[in-house]
There are 2 protein chains.
Amino acid sequence: MSFTRSVENYLKAIYHLSDHGVSKVSTNAIARRLKTKASSVTDMIKKLSDKKLVVYKKYQGVHLTDSGKEVAVRIIRKHRLWEVFLVEKLNFAWDEVHDIAEQLEHIESEKLVDRLDEFLEFPSHDPHGDPIPDKWGEFKPSKKVVLSDVDAGAICFCVGVIDSSAKFLRYLDKNGIALGTQLKVVSREEFDKSMTIKTKGNTMTISKLTADNLYVIIN
Amino acid sequence: MSFTRSVENYLKAIYHLSDHGVSKVSTNAIARRLKTKASSVTDMIKKLSDKKLVVYKKYQGVHLTDSGKEVAVRIIRKHRLWEVFLVEKLNFAWDEVHDIAEQLEHIESEKLVDRLDEFLEFPSHDPHGDPIPDKWGEFKPSKKVVLSDVDAGAICFCVGVIDSSAKFLRYLDKNGIALGTQLKVVSREEFDKSMTIKTKGNTMTISKLTADNLYVIIN
DNA sequence: AAATATTTTTAGGCAAGTCTAAAATTTATT
DNA sequence: AATAAATTTTAGACTTGCCTAAAAATATTT
Ligand SMILES: [Mn+2]
Ligand SMILES: [Mn+2]
Ligand SMILES: [Mn+2]
Ligand SMILES: [Mn+2]
């Protein structure tokens, strides 16, 4: 099955708004996300419902069917793989790639996606730390968490920040922490919730504030 | 300026049919090429004319304006760069890439195109031996020619075939001639128009028939 | 519980791009 | 030069996706 760009964008939006296709999503939420009008959303929802991609009851919001979820995950896979390509191979910064990936995600060719995946050596996460589903639509169980939630002893790698101020980024940079940096949590201090972490060449103690603003994925 | 996918496809078709935008193109020729109906072409031509991308006189065919040509060349550049990417980086065969490039050529991002160009090390020709314009829309002077037209002494490389029968391709393969193979024309025989050519490891004589069916680019 | 505010749907309309069938124009043939 | 054939354009219709304005349903206040 092949769908229009617009249908794909709606399904992806609903997927994200519904927390992986679990809960119901309101018309207005979709409209806000896609920068369109509620009436347009209602129109589209009816078409999606006719195609059995969503379940819809008037005034009650929508949720994705299994096949709707499948389409959404396929688009997300493509979006994130292309983001990796742009950052890893074409040296884009991680905050420049979204709009381009928004277009590339609609290119249709299963072979292309699989070859790209292989070319990128089957990345498990995109440059923003979001997981990339495999070709069967399965996500790896690992999930991005805030560093302050990681137990002592765990090894993880940095995939994103919450506070993206220049100040914070400079601080991280100075201490050799960047996207993709491996970290081991050596110990956690109960008293002030500070943590001691070890990077490749360095061991340091970071404050709770810092740990609260770093996203990591546990290996 | 940004145009719809459809507009871009029309402009590209007209460019190719008009021999680089020189001659006039008939409605039917465009319809044939784009697998659409003549009436649809007339409709679109009017819109292109309103946008000053073509010059149109009823019943007299169209030709591209300078700005129409510019758009067409930009699309062709993208098409061919993506083809190189697919073959060189993702290991596609040269006969598999066209349809995918047909989609990728419409991705909008000047930065993406320039980075891709750089990543591919500024290729001058696509996998079919067609020249790739630079970012200012300029084509390198070299052009693909039939091997039988090449003078003795010249060094060229193989970029395509006219006869694509399995028989011919097997013959080439057996003699170590493939896409990209460097050839030196050692001598030409006036009597039967046969040629002696030298490849990397081998010198051989080929018939006029063979030379007539091989496209090369002179270095 | 009634009134008010918010959300969602309907009604009607518009642009892009395509189609079929019929009319107009150009080109080729007698 | 007249007729026939081919090409091109017009007329009218359809789909997709979007919009505004108004009506209907649901949610929140009083
Ligand atoms: Mn998109
Ligand atoms: Mn991302
Ligand atoms: Mn195309
Ligand atoms: Mn090509």
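First the proteins, then the strands, lettered A, B, ... as listed; each starts at 1. We use all heavy atoms of the structure for the numbers below, so side chains are in, but hydrogens, waters and symmetry mates are not.
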> When you measure from the side chain of K37(A), which nucleotide among dT8(D), dC19(D), dA16(C) comes out closest?
Replying inline: dC19(D)

>> Looking at T27(A), I'd like to know whether one of its side-chain N or O atoms comes within less than 4.0 Å of OP1 or OP2 on dT9(C).
In response: yes

> With a 4.0 Å cut-off on heavy atoms, is K46(B) in touch with a base, just the backbone sugar-phosphate, or nothing at all?
Replying inline: sugar-phosphate

> When the distance from NZ of K57(A) to C1' of dT8(C) is rounded to whole Å, what number comes out?
Replying inline: 15 Å

>> Whole angstroms only, please: what is the CG-C1' distance between L34(B) and dG17(C)?
In response: 12 Å

>> Taking 4.0 Å as the cut-off, does a side-chain nitrogen or oxygen of Y10(B) come that near to OP1 or OP2 on dT18(C)?
In response: yes

> With a non-hydrogen cut-off below 4.0 angstrom, is K47(B) in contact with a base, only sugar-phosphate, or nothing?
Replying inline: base

>> Need one value for Y56(B): base, sugar-phosphate or nothing, where a base atom within 4.0 Å counts as base even if backbone is also close, heavy atoms only.
In response: sugar-phosphate

> When you measure from the side chain of K58(B), which nucleotide among dT9(D), dT20(C), dT10(C) comes out closest?
Replying inline: dT9(D)

> Quick one: do the N28(B) and S26(B) side chains pair a donor with an acceptor below 3.5 Å?
Replying inline: no

> Separation of Q60(A) atom CD from dT26(D) atom C1', in whole Å?
Replying inline: 8 Å

>> Looking at T65(B) and L53(B), would you say the former's side chain and the latter's main chain have a donor-acceptor pair under 3.5 Å?
In response: yes

>> Can a donor-acceptor pair be found, under 3.5 Å and without considering hydrogens, that links the side chain of S109(B) to the backbone of I100(A)?
In response: no

> Is it true that a side-chain atom of D19(A) and a backbone atom of V22(A) form a donor plus acceptor pair closer than 3.5 Å?
Replying inline: no

> Between N28(A) and dT8(C), does any side-chain N or O lie under 4.0 Å from OP1 or OP2?
Replying inline: yes

>> Of the listed nucleotides (dG17(D), dC19(D), dG17(C)), which one gets closest to any side-chain atom of V7(B)?
In response: dG17(C)

>> Counting the atoms with a prime plus P, OP1 and OP2 as sugar-phosphate, which does S40(A) contact under 4.0 Å by heavy atoms, base, sugar-phosphate, or nothing?
In response: base

> Could K135(A) and E118(A) be called an ion pair, given the rule that one side-chain N must be under 4.0 Å from one carboxylate O?
Replying inline: no

> Is any side-chain N or O of S6(A) closer than 4.0 Å to OP1 or OP2 of dT16(D)?
Replying inline: no

> Between the base of dT20(C) and the side chain of S39(B), is there a donor-acceptor distance below 3.5 Å?
Replying inline: yes

> So which nucleotide from dT8(C), dG17(D), dA16(C) ends up closest to the side chain of T4(A)?
Replying inline: dG17(D)

> In whole angstroms, how far is the P atom of dG12(C) from the CG atom of D43(A)?
Replying inline: 14 Å

